[in-house]
Amino acid sequence: MTRVYVAGKILEVVAMLTLGAALIVYGIGEGNMNAELGWLLLGSLVFLVGRALERRSERGR
């Protein structure tokens, strides 16, 4: 496994944890829709970056 692949996987996991935390903390806990949507957008972007890194490393093999 290359470092790029591992970095991509780590970003994907961080993004999924961010999405879950945003849904629980801001969606259920505080009811703050703007904060929830902002964190969901950020988590989605981080996941896409991680996925792109992972795919790039798979093509390089």
Side-chain angles (χ1 to χ4, degrees):
M1 288 195 296
T2 65
R3 290 183 183 185
V4 175
Y5 179 81
V6 172
K9 281 294 188 185
I10 289 172
L11 284 175
E12 288 176 355
V13 170
V14 167
M16 286 188 267
L17 292 173
T18 302
L19 294 174
L23 289 172
I24 292 170
V25 173
Y26 295 110
I28 297 171
E30 295 181 12
N32 186 346
M33 183 64 86
N34 289 332
E36 180 184 4
L37 289 175
W39 280 104
L40 291 174
L41 177 63
L42 178 67
S44 298
L45 291 174
V46 170
F47 184 86
L48 290 173
V49 168
R51 181 69 181 144
L53 288 174
E54 181 185 354
R55 296 187 99 198
R56 177 184 288 185
S57 72
E58 287 175 355
R59 276 188 257 147
R61 289 184 183 178

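By convention here, the first residue in the shown sequence is residue 1. Owing to the predicted nature of the structure, the values given are computational and were not obtained by experimental measurement.
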Between L45 and V49, is there shared hydrophobic-cluster membership here, with clusters defined by ILVMFWY side-chain heavy atoms closer than 4.5 Å?
no
Please round to the nearest 0.5 Å and tell me the distance separating atom CD of E54 and atom CD1 of I10.
12.0 Å
Give the cluster check for Y26 versus F47: same hydrophobic cluster or not, with ILVMFWY residues linked at side-chain heavy-atom distances below 4.5 Å.
no
L40 to A22 - nearest heavy-atom pair and separation:
CD2-CB, 4.2 Å
For N32 and A35, the nearest pair of non-hydrogen atoms, with its separation, is OD1-N, 3.3 Å
What distance do T18 atom OG1 and L23 atom CG have between them, rounded to the nearest 0.5 Å?
11.0 Å
I need the L42 CG to L37 CG distance, nearest 0.5 Å.
12.5 Å
What's the shortest heavy-atom distance between G43 and A15, and which atoms?
O-CB, 3.2 Å
Roughly how far, to the nearest 0.5 Å, is the CD atom of E12 from the CG atom of L48?
9.5 Å
Find the distance between CZ (R56) and CZ (R51) and round it off to the nearest 0.5 Å.
13.5 Å
Side-chain heavy atoms nearer than 4.5 Å, only ILVMFWY residues, links allowed to pass through others: does that put V14 and V6 together?
yes
Taking all non-hydrogen atoms of both residues into account, name the closest pair between V4 and L53 and its distance.
CG1-O, 3.4 Å
Should V46 and V25 be counted in the same cluster of Ile, Leu, Val, Met, Phe, Trp and Tyr side chains packed under 4.5 Å apart?
yes
